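Every heavy atom of this structure was used, including side-chain atoms; hydrogens, water molecules and symmetry mates were not. Bear in mind the structure is a predicted one, so any value in this text is a computation, not a measurement.
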Amino acid sequence: ASAFITVTINISASAEPAPPTPESLEQAWAVALAANQDVLASGENLNSAKEQIAVAKALRMPQVALNSGYILLDHAPKIESSADATFDGVPATVPFEYKIGSKDIFHYGLSATLPLYNGGQTMAAIDTAKARALAAEFDQSAQVANTRMAVAEAYLNVLRAQQGERVASAYVANLEQHHRDVSGAH
């Protein structure tokens, strides 16, 4: 007993789509590498790691900082005190106050630092950044190689399937010819 399943698909469109054009393996690789998210991400990681080298090298440079601020007080700051004094034999307490600023204060400052010695931390940071960049470069190479290998495997599978289809078509044509020969002989 044999069973046949028939599937009918009706597609209507105003224009016929162009038949797919065969691609070379190099074209397939180019398309896959341009679209593979893992390859693109590893490329961005490599760019980031290279920038971290520049950041680490910048630790050797002088750093300049400018700061400023504004303060508004309820009352102007002042120093209040009193002193005991004697005037013509009469003891007296003399109060005094000294205003040391206004109630609104604006301040600013500029500082510059230059690392003279930090126990090798800067060089270690640079070496670490270089090692991370090298690791990112190896990771990107691995991602590219893995993607190329997967595409090559799929490409070969397609070629094998096409060859198998040609062999099967030739076999069917031979069987049909044999059927015609045998049917015509009787």
Side-chain angles (χ1 to χ4, degrees), residues 1-68 110-181:
S2 63
F4 292 98
I5 298 175
T6 304
V7 177
T8 305
I9 300 174
N10 293 323
I11 300 175
S12 61
S14 60
E16 293 242 350
T21 58
E23 339 180 291
S24 68
L25 181 58
E26 288 77 19
Q27 290 170 328
W29 279 338
V31 169
L33 292 175
N36 187 291
Q37 296 299 312
D38 291 333
V39 171
L40 297 174
S42 67
E44 291 302 317
N45 286 342
L46 177 58
N47 292 339
S48 174
K50 287 180 179 178
E51 288 300 318
Q52 288 301 317
I53 295 172
V55 169
K57 287 181 178 180
L59 294 173
R60 295 186 288 200
M61 304 301 292
Q63 296 180 8
V64 177
L66 174 66
N67 57 40
S68 63
L110 176 70
S111 65
T113 58
L114 176 65
L116 297 176
Y117 177 75
N118 61 5
Q121 289 178 346
T122 302
M123 287 308 298
I126 293 170
D127 291 342
T128 301
K130 285 179 180 178
R132 286 184 180 150
L134 186 61
E137 198 171 315
F138 286 139
D139 180 55
Q140 184 186 33
S141 295
Q143 291 295 337
V144 168
N146 290 340
T147 301
R148 289 176 70 118
M149 184 60 87
V151 168
E153 186 177 332
Y155 190 83
L156 287 175
N157 287 339
V158 168
L159 292 179
R160 284 185 192 121
Q162 289 173 342
Q163 182 64 26
E165 189 269 334
R166 282 193 291 272
V167 168
S169 294
Y171 184 67
V172 167
N174 284 339
L175 287 176
E176 288 173 347
Q177 183 61 40
H178 178 70
H179 184 271
R180 281 191 297 272
D181 292 345

Atom pair [atom1] ([X]) and [atom2] ([Y]), whose distance is rounded to the nearest 0.5 Å:
| X | Y | atom1 | atom2 | value |
| --- | --- | --- | --- | --- |
| Thr113 | Gln63 | OG1 | CD | 4.5 Å |
| Thr122 | Met61 | OG1 | CE | 12.0 Å |
| Met149 | Glu153 | CE | CD | 8.0 Å |
| Asn36 | Trp29 | CG | CH2 | 14.5 Å |
| Asn67 | Leu110 | CG | CG | 8.5 Å |
| Asp38 | Gln140 | CG | CD | 12.0 Å |

Whether [X] side chain and [Y] backbone form a donor-acceptor pair below 3.5 Å:
| X | Y | value |
| --- | --- | --- |
| Tyr155 | Ala150 | no |
| Thr147 | Gln143 | yes |
| Gln27 | Ser24 | yes |
| Asp139 | Ala135 | no |

Quick one: are [X] and [Y] in side-chain contact, heavy atoms under 4.5 Å?
| X | Y | result |
| --- | --- | --- |
| Leu40 | Glu44 | no |
| Leu33 | Arg148 | yes |
| Leu134 | Lys130 | no |

Nearest non-hydrogen partners of [X] and [Y], listed with the distance:
| X | Y | answer |
| --- | --- | --- |
| Ser42 | Val39 | OG-O, 2.8 Å |
| Ala133 | Leu46 | O-CD1, 3.6 Å |
| Ala32 | Val151 | CB-CG2, 3.3 Å |
| Leu25 | Ala152 | CD1-CA, 3.9 Å |

No-hydrogen, no-angle side-chain donor-acceptor test under 3.5 Å, [X] and [Y]:
| X | Y | result |
| --- | --- | --- |
| Gln163 | Arg160 | no |
| Glu165 | Ser169 | yes |
| Asp181 | Gln177 | yes |

Please determine whether side-chain contact (heavy atoms from CB on, under 4.5 Å) holds for the pair His179 and Leu175, giving the CA-CA distance in whole Å, both sets of side-chain angles, and the decisive distance to 0.1 Å. CA-CA 6 Å; His179 184 271; Leu175 287 176; over 6 Å; no
Verdict with supporting geometry, Arg60 and Ile126, side-chain contact (heavy atoms from CB on, under 4.5 Å): CA-CA 10 Å; Arg60 295 186 288 200; Ile126 293 170; 3.9 Å; yes
Mind running side-chain contact (heavy atoms from CB on, under 4.5 Å) on Glu51 and Asn47 for me, showing each step along the way? CA-CA 6 Å; Glu51 288 300 318; Asn47 292 339; 5.8 Å; no
